[in-house]
Amino acid sequence: MRFPSQCLRIEHLLIRRIESGEYPHNSFLPSENDLAAHFGAARNTVRKAISTLVEKGLILKSQGRMSKVNYPASLVSGSPRYLAWFWYLHPAVMTTNTIYFEMFKLMVEFAREEGLGVQIFDLNSPGKWQDDFLHDKSCVGAFSVGVSERTVSIEAINWLKTLPRLIAVNDTGGNPGCCLVSIDNYTSGRIAAEHLLDTGARNMILLHTHAEKDHPFQLRMQGFRDVVTARCGSSCTVKEFAVRENDWNSTISECETILQNNPDVEALFCLTDQLALNMIDAAARAGKKVPDDLLVMGFDGTYAGQHIATPLTSVSQPLEEVVRTALDLALEMDRGNGIITQRNILFPGKLLPGATTGKRR
């Protein structure tokens with residue numbers, strides 16, 4: 001995938017800010033030095049971008065004077081331009097999915113740099129906004145997040161398929177949309193297995209919740225199992241267990257029971273950091289020390305896992321790369337006047353070494 005040059009990107013950002021009113025008509029742009037510092041670019045690069053805007057008539061510039069914005073009210077769009085964020089959670093409970101919420105915050109931050117807003121559309125909320133949205137010329141790009149037959153209705157999925165430039169930002173299997181930008185869950189599962197095998201672990205457990213049966217989690221487990229089979233064959237044991245998502249104490253009790261019934265287990269790969277943190281508490285209740293008696297590895301790379309007394313080993317999700325690439329893809333299609341190229345872009349996770357898989361004494 002080819003990304004725009006820095007000069008083109010600065011030009012695009014300045015246009016967005018002029019159109020949004022951040023740099024209003026008859027105002028002056030910041031100095032070239034200030035813009036260069038703000039964008040982290042050379043002054044000459046900023047100068048070239050401004051020269052292009054002068055050619056387009058958006059900037060008026062005379063010798064020795066500052067750059068003046070030329071964008072009168074007659075040119076201002078009636079509605080601010082924005083990005084549509086389609087998902088299955090009501091805004092009041094959107095923080096319950098930590099990863100998706102982090103992705104949303106990143107999208108808002110990156111969109112602001114482009115002079116764009118972000119609007120949430122809850123696919124499970126009743127309303128008649130769908131027809132209006134299809135004719136909304138203010139929408140620059142649309143993204144589906146966490147959309148599957150388990151989270152939304154078939155009617156909602158079929159409606160999403162009518163959006164010509166929809167981008168799925170996570171791989172849920174059968175994603176609606178013309179393009180997919182996602183973490184590579186299969187490769188990331190392989191990374192987890194390679195790490196635990198390198199520590200010498202051979203008797204391992206895959207741990208997930210009953211809710212974690214969707215496509216991404218299955219890919220993580222498949223990648224993990226494929227590496228174990230290829231490297232160890234029958235000399236390694238991988239058991240799979242699922243715990244219920246109840247209150248915290250009952251989840252810890254279930255994890256403790258798993259450890260008590262499997263006294264020979266050496267390592268656990270938990271499909272989320274949250275579950276790994278629960279397992280660390282369960283290990284303490286069961287009289288096992290992490291990592292001396294038991295290795296624990298999570299998945300997500302959350303801040304909480306990195307700031308406990310024994311920092312959690314995990315596979316971090318490349319959220320910034322996924323969100324930034326999805327946004328750039330939407331902007332590319334917007335600039336291309338609707339030209340669409342089917343693309344699947346996957347980013348592998350990164351090993352985040354912690355103390356929970358450190359060397360045994």
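This is a predicted model, so every value here is computed, not measured.
Minimum heavy-atom separation, Leu294 to Ala267: CD1-N, 4.1 Å. The minimum heavy-atom distance linking Leu312 with Gln306 is given by the pair O-NE2, 2.9 Å. The two residues Ala283 and Leu259 make their nearest non-hydrogen contact at CA-CD1, 3.6 Å. Across all their heavy atoms, Val147 and Pro176 have their closest contact at CG1-CG, 4.1 Å.
Of the possible polar contacts, none joining the Glu32 side chain to the Arg43 backbone as a donor-acceptor pair under 3.5 Å is found.
A salt bridge between Glu194 and Arg231 is present, with a side-chain N of the basic residue lying under 4.0 Å from a carboxylate O of the acidic one. For Arg285 and Asp281, the salt-bridge test fails: no basic side-chain N is under 4.0 Å from an acidic carboxylate O.
Side-chain atoms of Asn278 and Gln274 include no donor-acceptor pair closer than 3.5 Å.
Counting only heavy atoms from C-beta outward, the side chains of Val152 and Tyr88 approach each other to under 4.5 Å. In this structure the side chain of Ile18 reaches within 4.5 angstrom of the side chain of Ile59, judged on heavy atoms.
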Report task. Show your reasoning for whether side-chain contact (heavy atoms from CB on, under 4.5 Å) applies to Glu102 and Gln317. Result -> CA-CA 11 Å; Glu102 287 299 319; Gln317 296 209 40; over 6 Å; no
Requested in this report: Go through Phe86 and Leu163 one step at a time and tell me if the side-chain contact (heavy atoms from CB on, under 4.5 Å) criterion holds.
Outcome: CA-CA 11 Å; Phe86 293 103; Leu163 303 183; 3.8 Å; yes
Requested in this report: Dump the intermediate steps for side-chain contact (heavy atoms from CB on, under 4.5 Å) on Ser125 and His90, then the final yes or no.
Outcome: CA-CA 7 Å; Ser125 290; His90 189 277; 3.8 Å; yes
Report task. Just do the side-chain contact (heavy atoms from CB on, under 4.5 Å) check on Thr313 and Val296 with the steps written out, would you? Result -> CA-CA 7 Å; Thr313 299; Val296 178; over 6 Å; no
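Residues forming a side-chain hydrogen bond (donor to acceptor under 3.5 Å, both in side chains) with Thr310 (at least two apart in sequence, or on another chain): none.
Rounding to the nearest 0.5 Å gives a distance of 7.5 Å between CG of Asn70 and CG of Asn26.
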